[in-house]
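One structure is given below, encoded as structure tokens.
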Amino acid sequence: MAQKRPASQQATPAKRRKLQDPAAWYESYSGATADYYKRYMDKEWGVPIYGPGRSRDNKLFEMLSLEGAQAGLSWDTILRKREAYRRAFDNF
């Protein structure tokens, strides 16, 4: 029978959450604690864009535009200004 670990060595719920968090790798970056940054990294970054037609084209153009604007700036800056880019590009 397996022995239990002493209470001082047991993983707390917070430690377990941190170990299970798939997006923890980006938390050291500037602005990474903001909700919009987490939402982008968890829901958009690295996710393939599928589907026919204009909506896919618009999303690809948005990502390309944001990526180009990011050169020399932090993603935090770009994501904070994302709505302004959408207005400037008429929702891409």
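Note that the structure is a prediction, hence the values are computed from the model and not measured. All values below were derived from every heavy atom in this structure, side-chain atoms included, with hydrogens, water molecules and symmetry-related copies excluded.
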- [ ] Test Tyr85 against Ser65 for side-chain contact (heavy atoms from CB on, under 4.5 Å), laying out the working first.
- [x] CA-CA 9 Å; Tyr85 280 106; Ser65 300; 5.9 Å; no
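Both Phe61 and Met63 are members of a single hydrophobic cluster when ILVMFWY side chains are connected at heavy-atom separations under 4.5 Å.
Arg80 and Tyr36 get closest at one heavy-atom pair: CG-OH, 2.9 Å. When all heavy atoms are compared, the tightest approach of Leu73 to Ala69 is CD1-O, 3.5 Å. The heavy-atom pair separating Tyr37 from Ala32 by the smallest distance is CD2-CA, 3.5 Å.
Here Arg86 contributes atom CZ and Asn58 contributes atom CG; the two are 11.0 Å apart, rounded to the nearest 0.5 Å. Atom CD of residue Gln70 and atom CG of residue Leu79 lie 9.5 Å apart, to the nearest 0.5 angstrom. Considering CZ of Phe92 and CG of Leu66, their distance stands at 4.5 Å, rounded to 0.5 Å. Residue Glu44 holds its CD atom at 8.5 Å from CZ of Arg39, rounded to the nearest 0.5 Å. For the atom pair OG1 (Thr77) and CZ (Arg82), the distance works out to 14.0 Å, reported to the nearest 0.5 Å. The CG atom of Asn91 lies 8.0 Å from the CD atom of Glu83; values are rounded to the nearest 0.5 Å.
Between Trp75 and Tyr40, the two ring planes are parallel [angle under 30°; tilted spans 30° to 60°].
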